[in-house]
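Please read these numbers as outputs of a predicted model, since none were measured by experiment. A note on names: the letters A, B, ... follow the listed sequences, proteins ahead of strands, and every chain is numbered from 1. Only heavy atoms go into these numbers, but all of them, side chains included; no hydrogens, no water, no symmetry mates.
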Protein chains: 2
Amino acid sequence: MVGKEIGERHFIEDVALFCEQMGLPRMAGRVLGVLLISDPPSQSLNELCDCLQASKSSVSTMARLLVGEGLIEPAPCLVPRRDYFRFKDGGWLEFMRRRMEVMAGLHAIADRGLELLDGKDESLRTRLEEAHDVFEFVDSEFRGWLERMGKRSDKSAGRDRP
Amino acid sequence: MVGKEIGERHFIEDVALFCEQMGLPRMAGRVLGVLLISDPPSQSLNELCDCLQASKSSVSTMARLLVGEGLIEPAPCLVPRRDYFRFKDGGWLEFMRRRMEVMAGLHAIADRGLELLDGKDESLRTRLEEAHDVFEFVDSEFRGWLERMGKRSDKSAGRDRP
DNA sequence: CTTTTCGTTCTGTAAATACTGAACGTTGAG
DNA sequence: CTCAACGTTCAGTATTTACAGAACGAAAAG
């Protein structure tokens, strides 16, 4: 079972800390950490509870949270009446995509700010023009990268999808 | 004074909400919001308190937080013994740069995970190889963009820097 | 020297958050 | 039918967080 070795626990905790920095609960990060190195990639809720020493409620909630984030997915159940989860192919791309979408939200806000400064001196507008430029750039450019990355990983992907 | 018109307040609150999504306190976002549309770009702490109807302690703390984030900077004080702040040129680029650095942190974590799976079947390693690829890509590619963007805004920048 | 005006910092508080354990409804096994 | 296993949800708790207000120290103005 995953999570016995010290190296594994350290890895899991690092993923958890990373997720925390990304605004997810630490426990969600731990679940994800396990599903990134588990030997059958698919793990049941109980297995996750066992190797994390966490309560059913936490793990259940966090698993569904991660499904919502697009990072993991329900896996075909080997045993009936048991929920299995596994990391979702392309999960990281999806994760990045959503983060970038939030970032790009400032693009619209900056535009609204520029309307407020309509007619004012150009020196007052540069602040928002910078925001406009940066996030328009992020939006357009990053969209392109994600598509390219998506294509690239499609080619090398061979796993079964449900 | 900024923050009287309904449109301004709405803009400020949107920036605050954006900042909250980015993990900053909402009040920090409000301070930033004001400094994005304020008519003299430089505003004193008291002016910020007034137009936000917030306490000195909050505004003072949040201003220094934003300075630490690289989004605003202390401005040359027109009146002695009064702290002025203004939006910092290139602040958004710096902001993006730091966010991307955190993201790129997963690159190293993924590598450590791959070491844990050393010798294991390739199908078990794909999860982490995807993470490795995505975040190496983000790291290298985005660093390039930021530099290009930096150059581009250098050309169009003419404001005095302290 | 005294007073006032800043900014910072400390303390307190209300609210949000992350978790646990218990209660619940469901479904397969005996 | 009864019981056990499983997942979800609810209630409770402990920690953290975002703010306000008071106390404090420094420095200019009087």
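- Below the 3.5 angstrom threshold, one finds no donor paired with an acceptor across the side chain of B/Ser60 and the base of C/dG7.
- B/Asn46 places its CG atom 9 Å from the C1' atom of C/dG7, with the value rounded to the nearest Å.
- Taking atom CZ on B/Arg82 and atom C1' on C/dT5, their separation rounds to 8 Å, with Å as the unit.
- Computed from coordinates, the B/Leu65 CG to C/dT9 C1' distance equals 16 Å when rounded to whole Å.
- Between B/Arg64 atom CZ and D/dA18 atom C1' the separation is 15 Å, expressed in whole Å.
- B/Arg99 is listed as a side-chain neighbour of A/Met103, based on a closest heavy-atom distance under 4.5 Å.
- Between B/Arg26 and C/dA16, a side-chain N or O to OP1/OP2 separation shorter than 4.0 Å is absent.
- Evaluation of atom-type donor-acceptor distances gives no pair under 3.5 Å for the side chain of B/Ser55 against the base of D/dG21.
- One interatomic measurement links the two molecules: NZ of B/Lys56 to C1' of D/dC24, which rounds to 10 Å at whole-angstrom precision.
- The cluster map of Ile, Leu, Val, Met, Phe, Trp and Tyr, joined by side-chain heavy atoms under 4.5 Å apart, puts B/Phe95 and B/Leu17 in different clusters.
- When the nucleotides C/dC19, C/dT9, D/dT8 are ranked by their closest atom to the side chain of A/Asp83, D/dT8 comes out on top.
- Put simply, CD on A/Glu20 is 8 Å from P on D/dT17, counting in whole angstrom units.
- In this pair, A/Trp92 and A/Phe87 present their aromatic rings tilted. The plane angle is within the 30 to 60° band.
- Summarising the geometry, atom NE2 belonging to B/His107 is positioned 4.5 Å from atom CG belonging to B/Asp111; distances are rounded to the nearest 0.5 Å.
- Dashed line: the shortest gap from a side-chain N or O of A/Ser57 to OP1 or OP2 of D/dT9 is not under 4.0 Å.
- Taking atom CE on A/Met27 and atom C1' on C/dA18, their separation rounds to 8 Å, with Å as the unit.
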